[in-house]
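Positions are given from 1 along the sequence. Values reported hereafter were calculated over all heavy atoms of this structure, with side chains retained and with hydrogens, waters and symmetry mates removed.
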Amino acid sequence: MDKFVINGGKPLSGTVMIGGAKNASLALMPATILANGIYHLHNTPDLRDILTMGRLLETMGVGVSLVDQTLTIDTKTMNSYEAPYEHVKQMRASIYVLGPLVARFGQAKVSLPGGCAWGPRPVNLHIEGIRKLGAEIELDAGYIIAKAKRLSGTRILFDVSSVGATGNVMMAAVLAKGTTLIENAAQEPEMVQLSEFLVKMGAKIHGIGTGRLEIEGVDELHPADVTTISDRIEAGTFLIAGAMAGKKGGMIRLEKCNQHHMGALIVKLEDIGAKIRTGADWIELTPPEKIYAVNATTAIYPGFPTDMQAQWIALMSLAQGTSIVKDTVYFDRFTHVPELIRLGANITLKENVATVIGVKKLTGAKVMSTDLRASASLILAGLVAEGTTEVLRVYHIDRGYESVEKKLQALGADILREKGEEF
Ligand code: UD1
């Protein structure tokens, strides 16, 4: 397993190109199941999760190839409606195939995802929503078995606003007979893009970008092409890297990004003392003289993203004063905390609330990455820690950050990918 070896304390400055949004691609790819033909998904990032979704589609007979950030998907040869455990266990987003399979083929066999590195992550809302659309669903030997002649429109209220359940139910409802109302739908930019893609394929969706989606089912959809939006979490992670590197470095400029998707983070970065300038598809950050301690509470979009919580804690570790970081979306998502403490951070965790007392410096150590965003926070900390930090098990980072070490090297970081020890 690869590891990153980081010699911390190097000044960072320069320009980073931001890639396509992983979480948008992971929703767009299964949507192609809904119509027969060939699709081109431009600006698709070359990431392990995209490969996993591609392999899953291939097991169903779909043709998938990624060349120069364009993902070509051919659904004409599709011949299976099953998502096996071997694939789903690698990536929970595999469950996205459930809605499209039932809607188009009237049948699906999709493995239940099981647990996750940071605790239980239920899929009850996906199942209840698709059941309410008229599918017969039973759970058998770890699989969701769904059958339906044709789904029919209904009213659905999500008790919790869920990105995945919104995407899954929306993809099922577009081919249902009649109109479906989804109340408390997720409004994340990735869901807006999925809705717009479905509309391009011939779906009728009203209320896009709001919490109330009205979907008039149609008999048939057709293939379409799309350019994936930029990854707001990758962009945010690089902004935090710049903020943490401090005045020694200089300005960090992100290109091919969308500031409108990053409002909450931009406000918080200004609150810590960073200067931010934005343009149509770029953001520049000038790091603060000193990092002010700023609280953050995660919330659904447009609130502060849970996917930035770990990186924010890394930043707050070096702030002047004490900050409170609370995760209200995933209560257990704090596996980075003990590892950051190994690097010298002063963090106390009580349930879903981390109290971070800023320290003067972090010191290099061996740390273990446990999930995608936790890995990002450890790299951020390693970049400023005194001495050498080894971040083990970096395969997690490859799920969601394309060539992260190369992009950081281009900014001046001393970070190398090496073969790590096996566990
Ligand atoms: C997506 C993102 C993930 C991000 C998360 C929250 C993808 C591939 N992943 O995950 O990076 O951290 O949104 O922004 O897009 N819930 C239920 N029942 C369900 C489904 C969800 O109770 O059936 C709860 C979850 O436990 C959580 C909340 O809803 O507390 C939000 O989760 P959700 O939006 O569904 O996350 P994902 O779609 O899995």
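- In terms of heavy-atom proximity, L194 sits nearest to G167 at CD2-CA, 3.7 Å.
- Counting non-hydrogen atoms of neighbouring residues, nucleotides and ligands closer than 6.0 angstrom, the CZ atom of R55 reaches no more than 12 such neighbours.
- For the atom pair CG of D332 and CD of E351, the computed distance is 10.0 Å after rounding to the nearest 0.5 Å.
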* To do: Please step through side chain to side chain contact (heavy atoms under 4.5 Å, CB included) for the pair I240 and M308, ending with a clear verdict.
  => CA-CA 10 Å; I240 291 187; M308 290 302 303; 3.6 Å; yes
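- Annotation: E136, atom CD; neighbour count of heavy atoms from other residues, nucleotides and ligands within 6.0 Å does not exceed 12.
- Under the 3.5 Å distance criterion, with hydrogens and angles disregarded, no donor-acceptor pair is assigned to the side chains of S94 and H87.
- We find the OG1-NE2 distance between T166 and H126 to be 8.5 Å, quoted to the nearest 0.5 Å.
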* Start with the C-alpha gap between F238 and L408, add the side-chain angles, then the distance that decides, and say whether side chain to side chain contact (heavy atoms under 4.5 Å, CB included) holds. => CA-CA 8 Å; F238 278 100; L408 286 168; 3.6 Å; yes
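- Under the 3.5 Å distance criterion, with hydrogens and angles disregarded, a donor-acceptor pair is assigned to the side chains of Y401 and R373.
- Of all heavy-atom pairs spanning S230 and C257, the tightest one is OG-CA, 3.3 Å.
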* **Stepwise salt bridge (charged side-chain N to carboxylate O under 4.0 Å, His left out) check, K22 with D49** => CA-CA 8 Å; K22 168 180 86 76; D49 274 6; 3.5 Å; yes
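- Here R393 does not pair with D398 in a salt bridge; the nearest charged N to carboxylate O distance is not below 4.0 Å.
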